[in-house]
Amino acid sequence: MSRLIADISMSLDGFITGPNDSVELGLGEGGERLHEWMFEVSGWREPHGLEGGSTGTNSDVAAEMLTNKGAVIMGRRMFDLGEGAWGDNPPYHVPVFVLTHHPRETVEKEGGTTYNFVTGGIESALEQARAAAGDKDIYLAGGANIIQQYLSSGLLDDLQIHLVPILLGDGRRLFEHIDPGQVELQPTRVIDSPGVTHLRYRVVPVSTPKP
């Protein structure tokens, strides 16, 4: 069965965007620094039709993220902030399921990306994504609130954090509104690489104590 994986870059002080994110500034002030490690490597650039880029560990990690991706889930805010910047050929190339309170017809884009708008909640989105992904994995793109919902509900299988050695000071925190008693993370991999440390965790089900 496919796994649900949250994959996100994060600053040392715990932010996945800078402050004041908006349609014009999707990652907030300074937030683009979180993804510089990825945009400059061939493992990310080549699948997106871009030339050049460095090879090495960061490139291998970026390529790994794309190799077994069968579907993507994201929140409506992330979609609203990114839709314009992604253009007619978004970087996903698989079905994308957007959690929203407002019904909307499916939008087809170039390169295999389809935006499917789900009003039935996180479990419904995951069920539809699993059907679309088949044996491939489902990537949870964000934003922070959606990752927090899946993490707290026990539906998330793996969490991969690309820890970037910068301080943003403000923005959207990855682990805000998380009850520590509901979440247990088991480290499965650490890759120390130039400009970023790749951390991977398995989400372990938390047993409820018997009365």
Side-chain angles (χ1 to χ4, degrees), residues 1-10 14 16-17 34-35 38 43-44 47 60-82 86 90-101 106 112-163 172-191 197-208:
M1 179 183 290
S2 60
R3 299 183 67 81
L4 179 61
I5 302 168
D7 190 286
I8 199 80
S9 291
M10 185 179 77
I16 62 172
T17 74
L34 291 169
H35 301 280
M38 181 173 63
W44 186 88
D60 293 342
V61 170
E64 177 186 69
M65 292 159 49
L66 300 172
T67 300
N68 201 43
K69 180 175 64 178
V72 170
I73 298 174
M74 69 174 62
R76 179 60 185 264
R77 178 178 173 80
M78 180 176 177
F79 173 79
D80 287 343
L81 293 179
W86 297 327
Y92 300 105
H93 309 300
V94 294
V96 177
F97 297 87
V98 182
L99 282 153
T100 179
H101 296 296
T106 297
T113 299
T114 57
Y115 294 125
N116 307 273
F117 299 88
V118 181
T119 58
I122 61 174
E123 292 188 5
S124 175
L126 179 56
E127 182 180 352
Q128 293 179 53
R130 286 200 193 282
D135 293 332
K136 293 188 174 182
D137 291 326
I138 304 159
Y139 275 81
L140 189 56
N145 179 263
I146 296 302
I147 295 176
Q148 291 157 12
Q149 288 187 52
Y150 276 101
L151 186 57
S152 296
S153 69
L155 295 173
L156 190 65
D157 295 303
D158 293 274
L159 173 62
Q160 181 156 263
I161 297 173
H162 310 287
L163 190 63
R172 297 189 181 274
R173 289 188 182 276
L174 179 59
F175 292 112
E176 201 166 21
H177 310 304
I178 294 289
D179 180 353
Q182 291 185 321
V183 176
E184 183 176 341
L185 301 176
Q186 180 182 79
T188 58
R189 187 175 73 177
V190 177
I191 301 175
T197 301
H198 307 285
L199 307 170
R200 187 158 181 138
Y201 301 90
R202 179 175 295 112
V203 182
V204 181
V206 177
S207 301
T208 303

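- In this structure the side chain of I146 never reaches within 4.5 angstrom of the side chain of M74, judged on heavy atoms.
- For the pair R76 and H101, the minimum side-chain heavy-atom distance is 4.5 Å or more.
- The shortest distance between side-chain heavy atoms of L185 and V203 falls below 4.5 Å.
- Although no hydrogens or angles enter the test, the distance criterion places a donor-acceptor pair under 3.5 Å between the side chain of D157 and the main chain of L4.
- For R202, the CZ atom sits in a loose shell: 12 or fewer heavy atoms of surrounding residues, nucleotides or ligands are nearer than 6.0 Å.
- Side-chain atoms of D137 come within 3.5 Å of backbone atoms of R3 as a donor-acceptor pair (strictly under, hydrogens ignored).
- Proximity of D60 to I191: side-chain heavy atoms (C-beta onward) are nowhere separated by under 4.5 Å.
- Atom CD of E64 sits in a crowded spot, with more than 12 heavy atoms from other residues, nucleotides or ligands closer than 6.0 Å.
- The number of heavy-atom neighbours closer than 6.0 Å to CD of E127, taken from other residues, nucleotides and ligands shown, is 12 or below.
- The backbone N or O of R172 sits less than 3.5 Å from a side-chain atom of T17, completing a donor-acceptor pair.
- A search for ring pair (Phe, Tyr, Trp, His ring centres under 6.0 Å) contacts involving Y201 returns nothing, not counting sequence neighbours.
- Under the ring pair (Phe, Tyr, Trp, His ring centres under 6.0 Å) criterion, H198 pairs with W37, H162, not counting sequence neighbours.
- Residues T119 and T100 meet the side-chain proximity criterion, which asks for heavy atoms closer than 4.5 Å.
- Atoms CZ and CG, on R200 and D158 in that order, are 4.5 Å from each other to the nearest 0.5 Å.
- Partners of Y150 according to the ring pair (Phe, Tyr, Trp, His ring centres under 6.0 Å) rule, which considers only residues two or more places apart in sequence or in another chain, do not exist here.
- No more than 12 heavy atoms of other residues, nucleotides or ligands lie within 6.0 Å of CG in D135, so this atom counts as exposed by the packing criterion.
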